[in-house]
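Structure record follows, encoded as C-alpha cells.
For ligands, and for the atoms within them, numbers begin at 1 and follow the listed sequence.
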Amino acid sequence: MGVYGTATEKISIFERLLEWFLFRFRWIFVIPLILPASLAYDSYNFVRNWFIYKVQSAPKAHDRKVAKIQKSVKQWSSGDRKKKMCTARPGWLTMSFRFPKYKKDMVQIKTNDLIDILEIDTNARTVRVEPNVTMGQLTRTLIPLGYTLPIVPELDDLTVGGMINGCGVESSGRKYGMFQHICQSFEIVTANGELIFASKDKNSEHQPLFYGIPWSHGTLGFLVAATIKIIPCKPFVRLTYFPCKTQKKLYDRLSHEANKNDNEFVEGIQYSYDSGMIMTASFTEAVPKNGSLNAIGRWHKPWFFKHVETILKSGKETVEYIPLRDYYHRHSRSIFWEIQDLIPFGNNVLFRWFLGWTMPPKVSLLKLTTSGSIRNIYNRRHVIQDMLIPLDNIQEAVDIFDQEVQIYPLWLCPLNLQSSPGMVRQRAGRNIMYVDIGVYGNCTRDTYEPKETTRKIEGYVRSVQGVQMLYADTYMTPSEFWEMFDSSLYDWLRTKYNCKEAFPNVYDKVCKAARY
Ligand SMILES: Cc1cc2nc3c(=O)[nH]c(=O)nc-3n(C[C@H](O)[C@H](O)[C@H](O)COP(=O)(O)OP(=O)(O)OC[C@H]3O[C@@H](n4cnc5c(N)ncnc54)[C@H](O)[C@@H]3O)c2cc1C
Ligand SMILES: NC(=O)C1=CN([C@@H]2O[C@H](COP(=O)(O)OP(=O)(O)OC[C@H]3O[C@@H](n4cnc5c(N)ncnc54)[C@H](OP(=O)(O)O)[C@@H]3O)[C@@H](O)[C@H]2O)C=CC1
Ligand SMILES: CC(C)=CCC[C@@H](C)[C@H]1CC[C@@]2(C)C3=C(CC[C@]12C)[C@@]1(C)CC[C@H](O)C(C)(C)[C@@H]1CC3
C-alpha cells in the first residue's frame, strides 16, 4: 500500500481500502451521473449563449451588471471593512485542483453573471468580453467568422478572468507569450467602487495597473471586461509530428522548432525519460488532395495523447490536417491525461463509439462531487504542477522531476517571455524562450512527500528564474514566493489603489493554507 502515501501518515488499512475503491471505481458514479449532467449543462449554455449573441442584448446588460458590482463594492467601502473582498465564483467552478478556503470568510462580490461576449471589432482586430466567458465559447463564436484569439488555452471551460488574473499558456506561446500578452485593456472596478480603464497604451492614466493585474488573482480590483487581440485564422492546421527516440533529439527539436518563425504552434509530449513527440502546426485553408484529414475532436476518435503515442511508437514523421477547433481543444476530451484515472477504459473503441459523445465529464461537476476520501488520495499521491523555466534549462529541470516524481507524460509548451513589468518578469531587457513543463499524474515513488518534494522542485525553479503556475499547490513561504515573483509594481499598485484593506495579498490567496 506504500503507493498510496507516505510512511508518516496514520490511516487504517480499512480507510485505505475504501479510498482505493472509491478512486478506482469512480467511473461507476461518473458515467451514469456526471456525464449526462455535463451534457445537459453544456447544452443549456450553448443555447443560452447563442441566443444572447444573436439578439445582441449583452452590451446593454453589461452596464447594468457593472453598476451592481460598483454598488456592492461601495457598500463594502462605506461599511466597517472588517472583511476583505473576493469574487463570488464558487470554488467548484474554478479549474484548479483545490477548493479555496478563503472565500467563506470574505465578502463575496457577485461577478458571476459576467458571461457574455460584448463586441467583436474586426477592423480594430479586438474582441471585448466579460471575464466569465470561456475559451470554448470564444472559439465557437470567433472561428466561424474567420478569427481566433492568438492564444487559446486548451480546456473549454477556462475563463478569460482566470487567464488574466491567473495565467494562461498554450502552444502558440512560442510566438505570443502568455494570455496576458494578447490583452489590450482591462476594465476594473477598484476597491473604492470606481470603474477604471487600464490599457497597454503608454498614454493611458492607468497603464501600470494593466501590467499589474496578470497573476494578481483578483487582489487589485474586480475585472469586469477585457479587450483582447484577435487574428485572422484558417479552418485547418497542418500538424507535423516529430517522433524523438532520445532525450537529446527531443530537446534539440523542441528548441529548434520553438525558435523557427514559420511555426504558429509548437508543443511537446514527453512519454518517458528519453522519448517523446514534438508537434508543430500552422494554419491552412484546405486539406490537400493527398493530405490526411483527422478530425481528432470527434466523439469516436482516440484520445489525443494516445493517438500521439501511437505515432511515436511507429517512429515515422507524420503530417495530418486537423480542423482548427479540434486542434485548439485537443486536450479537452481526455483532460490532458487525467481522464485515465476517472474512466480507465474510456479510450476503448467500444466505449468511444457508444458513449464517446457524452465525454468529457465537466471538471466543475467532478469537483462538486469530489468526496473527502478522494480528495485525500489525490492529496497524498497526485501531482499537478506547471513550472515555467528558461528553455535552456529543460534537461536539468526534467532530471529533477524524474528524480523526485517520475511522472510521464510531461507536457512541454514553449513560450516567449517578454521583459515587461509585472509579477512575472525577467529583467534581461529582451525576450527569452521559456518552456512550461506540466506534470499531471499519480506518483508511485515511495520517497514522495507532497510538501517536501514540491518544495525541492520550487527551490530549483526559483534558482533558474522560473515561476510556478499558481492554480497548483504551492508550498513556498512568503519570502520564497516573493523571491520567485516581482513585488515592486504589485506593492506600489496595492497602495495606490487602496487595495490593502479591500483584498488579501496574493500569497494569502494561493498558498496551501488558503486551500483545502
Ligand atoms: C516606491 C515606488 C514608487 C513607484 N511609483 C511609480 C509611479 O509614480 N508611476 C509608475 O508608473 N510606476 C511607479 N512604480 C511602479 C514601478 O513602475 C514598478 O515597480 C516597475 O515594475 C519597476 O520596474 P523597474 O524599476 O525594475 O524598471 P525596469 O526594469 O527598468 O523596467 C523594465 C521595462 O519596463 C518599463 N516599465 C517600468 N515600469 C513600468 C510601468 N509602470 N508601466 C509600463 N512600463 C514600465 C520600462 O520602461 C522598461 O522598458 C513605483 C514603484 C515603487 C516601488
Ligand atoms: N492552459 C492553461 O494555461 C491552463 C491554466 N489553468 C489555470 O487555471 C486557472 C483558471 O481557472 P478559471 O476557472 O478560469 O479561473 P479561477 O476561477 O480559478 O480564477 C483564478 C483567479 O482569478 C481571480 N479572478 C477570476 N475572475 C476574476 C474577476 N472577474 N475579477 C477579479 N479576479 C478574478 C480569482 O479570484 P477569486 O479567488 O476572488 O475568485 C482567482 O484568484 C488559471 O489560474 C490558470 O493558471 C488551468 C488549466 C490550463
Ligand atoms: C497549464 C495547464 C495546461 C494546466 C492543465 C492543468 C489541468 C491538467 C488541471 C487543471 C484543473 C485540474 C487540476 C483538475 C483535475 C485534473 C487536472 C486539472 C484538469 C481533476 C479533474 C482531477 C480529479 C479530481 O477529483 C478533481 C475533480 C478535484 C480535479 C479538478 C481539477
Students should be able to answer this: which protein heavy-atom is nearest to [atom], and at what distance?
atom: atom 17 (O) of ligand 2; result: R89 NE, 2.6 Å
atom: atom 42 (C) of ligand 2; result: G162 O, 3.5 Å
atom: atom 9 (C) of ligand 2; result: Y471 CB, 4.2 Å
atom: atom 10 (C) of ligand 3; result: M95 O, 3.4 Å
atom: atom 19 (C) of ligand 3; result: I335 CG2, 3.4 Å
atom: atom 37 (O) of ligand 2; result: Y102 OH, 2.4 Å
atom: atom 14 (O) of ligand 2; result: T159 OG1, 2.6 Å
atom: atom 31 (C) of ligand 3; result: S96 O, 3.5 Å
atom: atom 6 (N) of ligand 2; result: L158 CD2, 3.8 Å
atom: atom 30 (N) of ligand 2; result: L223 N, 2.9 Å
atom: atom 44 (C) of ligand 2; result: C167 O, 3.0 Å

message: Below a 4.0 angstrom heavy-atom separation, can you tell me which part of M469, side chain or backbone, both or neither, approaches ligand 2?
response: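 The answer is the side chain.
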If we set the cut-off at 4.0 Å for heavy atoms, which region of [X] has an atom near ligand 3: side chain, backbone, both, or neither?
X: M469; value: side chain
X: H331; value: neither
X: E338; value: side chain
X: D341; value: neither

Out of [options], who is nearest to [atom] when you count heavy atoms only?
atom: atom 15 (C) of ligand 3; options: W337, W92, F97; value: F97
atom: atom 36 (P) of ligand 2; options: E170, K509, E154; value: K509
atom: atom 24 (N) of ligand 2; options: L415, N165, D386; value: N165
atom: atom 21 (C) of ligand 3; options: L366, T370, I377, T94; value: L366
atom: atom 31 (C) of ligand 2; options: G91, G221, G166; value: G221

- prompt: Closest heavy-atom contact between P208 and L493?
  reply: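 Distance-wise, the nearest heavy atoms are O-CD1, 3.6 Å.
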query: Polar-atom distance check: R26 versus ligand 3, any N or O pair below 3.5 Å?
result: yes
